[in-house]
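Worksheet: one structure, shown below.
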Amino acid sequence: MKITFPDGAVREYPVNTTGLEIAESISKSLAKSTLAVVFNGEPRDSARAIDTDGTLEIVTKDHPAALEIIRHDAAHIMAEAVQELFPGTQVTIGPAIENGFYYDFYRETAFTPDDLPKIEQRMRDIVARNEVITREVWERDKAIAHFNSIGETFKAEIIQDLPGTETITLYRQGKFADLCRGPHLPSTHKLGTAFKLTKLAGSYWRGDHTKAQLQRIYGTAWATQEQLDAYLKQLEEAEKRDHRKLGREMDLFHFQDEAPGSVFWHPKGWTIYQTLIAYMRRKITAAGYVEVNTPQMLDATFWQKSGHWDKYRENMFVIPDDHSHCYAMKPMSCPGNIQLYKAHQHSYRDLPIRMAEFGQVFRREASGARHGLMRVQAFTQDDAHIFCRHDQLEAEVIAMCTLMKEVYTDLGLADSLRVKFSTRPEQRIGSDEDWDRAEAALQNVCNTIGLNWTLNAGDGAFYAPKLDFVVTDAIGRDWQCGTIQVDMNLPHRLGLSYVAEDGSKQVPHMVHRAILGSLERFIGVLLEHYAGNLPLWLAPVQVVLATITDEAVSYAENLAAELRSAGVRVVMDVRNEKISYKVREHSVAKVPLIWAVGKNEMADKTVAVRRLGSQGQETESAATAVAALCEAAQLPA
RNA sequence: GCCAUCGUAGCUCAGUCGGUAGAGCAACUGAUUCGUAAUCAGUAGGUCGGGGGUUCGAUUCCUCUCGAUGGCACCA
């Protein structure tokens, strides 16, 4: 048979030569470092015989496929270690994931954090034992019977549910055998030592909270120690830019037990908040929106009409009144905005109406879901609802995407931003034609706005396809910020209409849209993205005027007054401290600019400008520096 | 909501095998006027998350509860 290598070379081998033997035929050292092979694009064990022509890549540590195999093996070796240490523990699934692996176990008693080092040590023992890893093909019923007989009922269930066409393979290493598709390393020694168990967590069998509670152990594994160290270092760095930590350090906000998931905004944090709103107000005004405001607390009957009482009751804060009825805090602004639309009769000529509301909404979140600013129970959305005719729909969606992109660009997030395009779910309302049109419009938009997007088929809301704008936080979690939803439900349900050119009554389209999404979450994302070093226009304190001696105080005060009158956020630091003390303190507080003034500056009418992140300073004429700062401190146009 | 861990001064953390607690930084006071990432000295600060129980005595042990953290589930 003919084997083609990545460099184009073709060699002839007898049928049923293994990948490892082929590697050996090239060089002894290559054979030694072989972890697996990729045959015709499919990763395989190196010990598997090859019986047809094809292309072959030898997977060594540097190969792109290596890490996944290493991590998957680490999961198996961890399972073996756990079963040796804790007999009776059942294995379920243990895949490779980004940066590592996990394995879900079923065991009556809980693992404790103290168990992790023990398990890790046993893994190292298994690696040292160098157990040979072999692949076995089993007959389905026998495999099921086998796993049931050894008490591995979860594994038996997995096999039961595999499609009949699937080949059932077991991988055996030492006394441990696991159902697995493979491929795996030739032996446990090949895993090396660049791995570490990281955390203990709970999970559910098959991700279903009504099924068995499992215990998950996470680990990380790499091809080399250097890679592992670099990864651990990166985790440490990420922790430093955690918005919860920055919020404390920069004195932006805090939480208290009495108000779970609600933010106490300190003056500096509130400045960021208000600056973002001022910026958005300017953008949406230019884009032809009107701004409105609607009640935060409405009678339950209102939410019954909107459908929220049926579909969203669990997440609503409900306030029983003294009388027979009750109120609920608004979880969304849309029904309120619809009341404003309905307050007047509309002609086709009035449309589109772009109605924006910086509405504070309240949503009850499961206790385990709350997370700093990223997931709170009371937050402000930069919400808007566009009421338009069908012939206006696509242009409106494109316009809001353009706006979305401008905003994310101004905020420096355009690069890391990803779009998820969610299409019709199985459970839905509305005609297929409506869905076709709405999805086509969004699809078209994805192709034109120049952002990275992925299809999230079947994940749309039951009433609408949507585009979700997603960013990743410092610890690698994804958060949805902006969203665009083409609603085909509420306008009908709540009886919206306009009078068309021919005098007939028509139902308008309604598009829900948020650009920043939750202001709270967005500020969390911004803080992490910039590691607290916000752009000048967003920084709560834009410049500190720090005096070197008391003699310069009135000079500094004059400069500060000039800056303040131009709207620059300036703080005076005339304390009786050394300049290096002041520089350190304001640098740690991430103030973008420090202007130091002493005798020299006062005499020359200059300022010594120090920019955050730079090691030194530059002396500039005070007039130029003031003019430049007044300009640079403004909101983006 | 589920599993695990945690809750001691503003922050980071130590401590008590049960006898009501300590450090560094921050704060405050005084001195120092000092040219670019920490000047010196002193002072003050805690119902050891909250309720209940065991005990002569609980911050420490038990229990309930609230909150946080990491996952999972949820996310109209």
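Not measured: the values here are computed from a predicted model.
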Return whichever of Arg248(A) or Val597(A) has its heavy-atom-nearest nucleotide of RNA chain B closer to the 5' end.
Arg248(A)
Donor-acceptor pair under 3.5 Å: do we get one between Glu601(A)'s side chain and the base of G35(B)?
yes
Which part of the nucleic acid, if any, lies within contact of Gln215(A), taking any heavy atom under 4.0 Å across all strands shown: a base, the sugar-phosphate backbone alone, or nothing?
nothing
Hey, are Arg424(A) and Glu439(A) close enough for a salt bridge, meaning a charged N less than 4.0 Å from a carboxylate O?
yes
Taking only the side-chain heavy atoms of Ser367(A) (C-beta and beyond), determine which of A27(B), G1(B), G67(B) contains the nearest atom.
G1(B)
Does Ala369(A) reach a base, just sugar-phosphate, or nothing at all? Heavy atoms under 4.0 Å.
base
Using a 4.0 Å heavy-atom cut-off across all strands, classify Glu577(A) as base, sugar-phosphate, or nothing.
base
Could you tell me how far apart Gln377(A) (CD) and C74(B) (C1') are, to the nearest whole angstrom?
13 Å
Do Tyr204(A) and G71(B) share a donor-acceptor pair, side chain to base, under 3.5 Å?
no
Is the phosphate of G1(B) approached by Arg364(A) (side-chain N or O, under 4.0 Å from OP1 or OP2)?
no
Could you tell me whether His512(A) contacts a base, only the sugar-phosphate backbone, or nothing, with contacts defined as non-hydrogen atoms closer than 4.0 Å?
nothing
Side-chain atoms of Lys199(A) come closest, of G71(B), U33(B), G67(B), to G71(B)
Pick the P atom in C28(B) and in U20(B), then give their distance to the nearest Å.
33 Å
Would you mind classifying the nucleic acid contact of Ser587(A) as base, sugar-phosphate or nothing, using non-hydrogen atoms under 4.0 angstrom?
base
Whether Arg354(A) and Glu396(A) form a salt bridge (side-chain N of Lys/Arg under 4.0 Å from carboxylate O of Asp/Glu) is what I want to check.
yes
Starting at NZ of Lys245(A) and ending at P of U69(B), how long is that distance when rounded to a whole Å?
15 Å
Return the value, rounded to whole Å, for the distance between atom CZ of Arg575(A) and atom C1' of C28(B).
13 Å
Counting Watson-Crick and G-U wobble pairs with both distances under 3.5 Å, what is the dot-bracket string for RNA chain B, 5' to 3', using [ ] for crossing pairs and | for pairs to another strand?
(((((((..((((.....[..)))).(((((.......))))).....(((((..]....))))))))))))....
Contact check, side chains of Phe154(A) and Leu214(A), non-hydrogen atoms, under 4.5 Å:
yes
Determine whether the aromatic ring centres of Tyr327(A) and Phe302(A) lie less than 6.0 Å apart.
no
Distance under 6.0 Å and angle within 45° of the ring axis: does Lys211(A) meet both against Tyr204(A)?
no
Does Arg216(A) or Arg584(A) map to a spot on RNA chain B nearer the 5' end, using the closest nucleotide for each?
Arg584(A)
The side chain of Gln617(A) is closest to which nucleotide in this list: U33(B), A68(B), U36(B)?
U36(B)
With a non-hydrogen cut-off below 4.0 angstrom, is Gly207(A) in contact with a base, only sugar-phosphate, or nothing?
sugar-phosphate
Rounded to whole angstrom units, what separation is found between the CD atom of Gln256(A) and the C1' atom of G50(B)?
15 Å
Given the C1' atoms of A14(B) and G22(B), what is the spacing between them in whole Å?
7 Å
Just checking Arg107(A): base, sugar-phosphate only, or nothing, at a heavy-atom cut-off of under 4.0 Å?
nothing
Give one of base, sugar-phosphate or nothing for Arg610(A), where a contact means two heavy atoms less than 4.0 Å apart.
base
Considering only NZ, NE, NH1 and NH2 on the basic side and carboxylate oxygens on the acidic side, decide whether Asp242(A) and Arg244(A) come within less than 4.0 Å.
yes
My understanding is that only one of Leu629(A), Val570(A), Val597(A) makes a side chain to side chain contact (heavy atoms under 4.5 Å, CB included) with Leu559(A); could you say which?
Val597(A)
Checking contacts here: which listed nucleotide (G70(B), U33(B), A38(B)) is nearest the side-chain heavy atoms of Ala201(A)?
G70(B)
Report yes if at least one side-chain N or O of His254(A) is closer than 4.0 Å to OP1 or OP2 of G10(B); otherwise report no.
no
Tell me: CG of Leu116(A) to C1' of U5(B), nearest whole Å?
11 Å
Atom CG of Leu214(A) and atom P of G71(B) are separated, to the nearest Å, by 18 Å
Integer angstrom distance from the C1' of G53(B) to that of G15(B)
25 Å
Distance between C1' atoms of C6(B) and U60(B) (Å, rounded):
16 Å
Would you indicate what Tyr218(A) reaches in the nucleic acid, counting non-hydrogen atoms under 4.0 angstrom: base, sugar-phosphate, or nothing?
sugar-phosphate
Does Gly613(A) reach a base, just sugar-phosphate, or nothing at all? Heavy atoms under 4.0 Å.
nothing
Would you tell me if any nitrogen or oxygen in the side chain of Ser580(A) comes within less than 4.0 Å of OP1 or OP2 on A37(B)?
no
Can you see if the side chain of Arg370(A) gets near the phosphate of A68(B) - specifically, an N or O under 4.0 Å from OP1 or OP2?
yes
Phe105(A)-Phe86(A) aromatic ring centre distance below 6.0 Å:
no
With P as the reference atom in both, quote the distance from U65(B) to G18(B) in angstrom, rounded to an integer.
26 Å
Is the shortest side-chain N/O distance from Arg477(A) to OP1 or OP2 of G70(B) below 4.0 Å?
yes
C66(B) to A27(B) separation - P atoms, rounded to the nearest Å
37 Å
Name the nucleic acid region contacted by Ala608(A), choosing base, sugar-phosphate or nothing; use a 4.0 angstrom heavy-atom cut-off, strictly under.
base
Specify the separation, in whole Å, of atom NZ of Lys240(A) and atom C1' of C11(B).
17 Å
Taking the side chain as every heavy atom from C-beta outward, state whether Val471(A) and Glu528(A) have any atom pair closer than 4.5 Å.
no
Using the P atom as the reference point in each nucleotide, state the distance between U36(B) and G24(B) in Å, no decimals.
29 Å
Which part of the nucleic acid does Arg244(A) contact within heavy-atom distance under 4.0 Å: base, sugar-phosphate only, or nothing?
sugar-phosphate
In whole angstrom, what separates Asn600(A)'s CG from U33(B)'s P?
18 Å
Think Arg375(A) has a side-chain N or O under 4.0 angstrom from the OP1 or OP2 of C74(B)?
no
Taking only Lys NZ, Arg NE, NH1 and NH2, and the carboxylate oxygens of Asp or Glu, determine whether Asp478(A) and Arg418(A) approach each other closer than 4.0 Å.
yes
Using atom C1' in both nucleotides, what's the gap between U47(B) and U59(B) to the nearest angstrom?
10 Å
Pairing of Glu585(A) and Lys582(A) as salt bridge, 4.0 angstrom limit
no
Describe the nucleic acid contact of Lys582(A) in one word from base, sugar-phosphate, nothing, applying a heavy-atom distance below 4.0 Å.
nothing
